[in-house]
Amino acid sequence: MQITSFKQYEEDYKKSVENPEQFWGEVAQNFQWRKPWFKVLSWNFQEPNIKWFEGAKLNITENCLDRHLATNGDKPAIIWEPNNPEEESVTYTYKMLHERVCRFANVLKRNGAKKGDRICIYMPMVPELAIAVLACARIGAVHSVIFGGFSAKSIADRINDSQCKLVITADGAYRGSKQIPLKDVIDDALIGCPTVEKCIVLTHVRTPVSMLKGRDVWWEDEVKHVNDICEAEEMDAEDMLFILYTSGSTGKPKGVVHTCGGYMVYAGYTFSNVFNYQPGEVYFCTADIGWITGHSYIVYGPLSQGATSLLFEGIPTYPTPSRFWDIIEKHKVNTLYTAPTAIRSLMSFGEEPLQGKDFSSIRVLGSVGEPINEEAWHWFDEKIGHGKAPIVDTWWQTETGGIMISPIATVTPTKPSFATLPLPGIQPILVDENGKEIEGNGVSGNLCIKFPWPGMLRTTYGDHERCKQTYFSAYENLYFTGDGCMRDEDGYYRITGRVDDVLNVSGHRIGTAEVENAINMHAGVIESAVVGYPHDVKGQGIYAFVINPEMHGEAELTKKDILQTVTRIIGAIAKPDKILFVSGLPKTRSGKIMRRILRKIAEGETTNLGDTSTLLDPAVVEEIIEAAKKI
Ligand code: WT7
């Protein structure tokens with residue numbers, strides 16, 4: 001199923017559009033099914049109702065583990081590189097990983113987990129995180145992984161939204177020179193989570209934690225009570241595999257739902273093709289498993305293809321900004337898949353951290369999460385790829401399950417800052433505000449997809465209407481991505497960024513409404529408006545305009561209080577970079593905040609603010625501009 005020439009890409013693409021069912025039916029033959037499907041696809045985008053491989057039975061872990069045992073059992077599945085380079089790295093062969101997953105799957109059962117139960121995972125980037133994820137899938141439980149940077153309140157909201165019965169966590173996590181007290185955070189969260197019956201705690205940083213009798217158990221104790229034989233649960237292709245919460249334009253994150261069959265086929269197919277993975281190669285994706293990139297391209301995609309996936313607990317700059325390059329040298333990494341924000345941050349340290357590092361193993365480079373600017377693209381190409389490694393700029397979303405628009409390494413001619421062409425099976429379309437298709441090349445519009453693909457979301461957990469409203473109602477019969485996009489003279493796609501109220505801060509998706517809600521919880525705050533602004537390293541920074549008359553002259557302290565509040569309510573990742581105190585916000589007569597004006601001010605614009613005639617009080621804009629000049 002690997003595409004090896006541009007001609008083959010064109011042929012496959014044509015076939016995938018003219019006969020999608022035949023195309024995906026053939027791709028799916030490369031996976032292991034307990035029972036075949038009777039229908040490849042049935043769909044409508046109105047409800048929406050999407051079914052891939054209907055009637056088929058499988059377990060994704062048999063594809064990620066069991067099927068490799070006979071031929072590749074002793075091959076490394078996961079190489080773990082710890083936060084501290086002085087500690088030993090750990091390798092799990094497919095045989096070992098299979099054994100650990102089965103054993104932990106039995107631990108889950110022993111603690112009352114059954115098929116269909118939701119299980120929350122809040123863990124550091126350690127092999128046990130991948131083991132926990134796969135163990136859930138093994139028994140047919142639905143995992144909901146929550147990124148380690150979220151607060152207790154965010155965790156509680158997510159646990160309650162999907163009524164999780166079990167939580168898997170660790171005593172703590174390392175992040176550079178810091179330690180994150182994961183279990184403490186979970187303890188705070190669980191005060192408000194009546195559905196949680198058990199919490200399994202892995203020892204990792206060896207910090208003291210409080211273990212609640214009857215609820216909390218140690219991972220290390222539990223595995224002693226079970227054996228390592230665990231038959232995989234037979235799952236329907238359309239049974240739920242996982243929920244992953246993501247931000248949108250409203251204040252409440254939504255649980256994106258992916259199912260077993262289609263997701264597996266799509267993650268595996270795209271992994272194999274986009275990175276042109278070759279047997280024996282070491283593949284290193286620097287994302288966290290708490291995001292979709294980690295789900296699809298650290299765990300499920302690579303393991304379904306029998307690849308060696310490198311998992312790194314630390315951060316790019318600890319203990320030095322050479323950390324990534326040392327890992328590449330040490331493990332002879334062939335593919336590096338990272339985010340533009342990491343590239344820009346490492347660029348800022350200059351040449352020194354690159355001196356004397358061996359990059360000769362690098363064959364393919366990848367970028368994900370946000371638009372990559374040309375400067376970062378060229379730096380990545382020259383300094384890391386030495387001009388010899390194709391860069392795959394992969395555009396996709398939590399909702400799409402896998403990569404959608406991207407070069408295929410060694411096949412698609414690349415162009416700096418372009419995601420280039422749709423993968424086989426993906427039918428992008430640009431539309432104007434009214435949903436009218438914008439045809440031809442050299443055009444821009446809102447990016448939609450007009451035909452289903454196996455990895456697409458099926459619903460948002462517990463609220464199908466919301467799924468319909470968010471993705472399938474903006475334009476009739478289309479999936480709306482929320483992104484703006486340009487298609488150049490060659491038909492190449494370049495993503496220009498979100499067109500909704502969603503920010504992309506260091507590749508993390510944050511809803512402005514969520515941040516506003518958090519700021520508004522601060523006692524003195526009357527109202528706030530949050531917008532994004534261009535940020536050299538983060539891509540976008542968070543700019544908050546805040547009405548707070550109760551500062552008592554202590555503006556700096558109040559700012560810190562607000563940051564603390566946001567950290568409490570959402571997590572440190574959502575902390576505003578700039579806070580500006582104002583006496584009013586620009587509103588229309590109907591009371592709607594005109595963010596367009598605030599966005600311009602945040603970008604540093606002071607004159608061309610566009611039409612302000614509908615404003616209730618135009619004077620407030622002058623005041624904000626003057627105040628903004630001072631921060
Ligand atoms: C949003 C999705 C895809 C996994 C990580 C983020 C932006 C993603 C690119 C890219 C330009 C990109 C889009 C998209 N985005 N990849 N290669 N070029 N923009 O997943 O949190 O669901 O965010 O990230 O705006 O809508 P996510």
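Whatever order the structure lists ligands and atoms in, that order sets their numbers, starting from 1.
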What does the contact table look like for ligand 1 (nitrogen or oxygen on each side, cut-off under 3.5 Å)?
| unit_1 | atom_1 | unit_2 | atom_2 | d |
| --- | --- | --- | --- | --- |
| ligand 1 | 15 (N) | Gly369 | O | 3.3 |
| ligand 1 | 16 (N) | Gly369 | N | 3.2 |
| ligand 1 | 17 (N) | Asp393 | OD1 | 2.7 |
| ligand 1 | 17 (N) | Thr394 | O | 2.8 |
| ligand 1 | 18 (N) | Glu370 | O | 3.4 |
| ligand 1 | 19 (N) | Pro371 | N | 3.4 |
| ligand 1 | 22 (O) | Thr398 | N | 2.7 |
| ligand 1 | 22 (O) | Thr398 | OG1 | 2.6 |
| ligand 1 | 22 (O) | Arg509 | NH1 | 2.6 |
| ligand 1 | 24 (O) | Gly369 | O | 3.2 |
| ligand 1 | 24 (O) | Asn504 | ND2 | 3.4 |
| ligand 1 | 25 (O) | Asp483 | OD1 | 2.6 |
| ligand 1 | 25 (O) | Asp483 | OD2 | 3.3 |
| ligand 1 | 26 (O) | Gln397 | NE2 | 2.9 |
| ligand 1 | 26 (O) | Asp483 | OD1 | 3.4 |
| ligand 1 | 26 (O) | Asp483 | OD2 | 2.5 |
| ligand 1 | 26 (O) | Arg498 | NH1 | 2.8 |

Legend entry - Check: Tyr471 ring centroid to Phe480 ring centroid under 6.0 Å: no

Legend entry - Euclidean distance, Lys575 NZ relative to Ile510 CD1, rounded to 0.5 Å: 12.0 Å

Inset, instruction - State whether a side-chain donor-acceptor pair under 3.5 Å links Gln2 with Asn273. - result: no

Legend entry - Residue pair Thr250 / Arg466, side-chain donor-acceptor N/O under 3.5 Å: yes

Inset, instruction - Decide side chain to side chain donor-acceptor pair (under 3.5 Å) for Arg599 and Tyr543; before the verdict, give the C-alpha distance in whole Å, the side-chain angles of both, and the deciding distance to 0.1 Å. - result: CA-CA 9 Å; Arg599 241 177 261 132; Tyr543 199 130; over 6 Å; no

Legend entry - side-chain hydrogen bond (donor to acceptor under 3.5 Å, both in side chains), paired with Arg363, selected from Asn276, Thr410, Asn334: Asn276

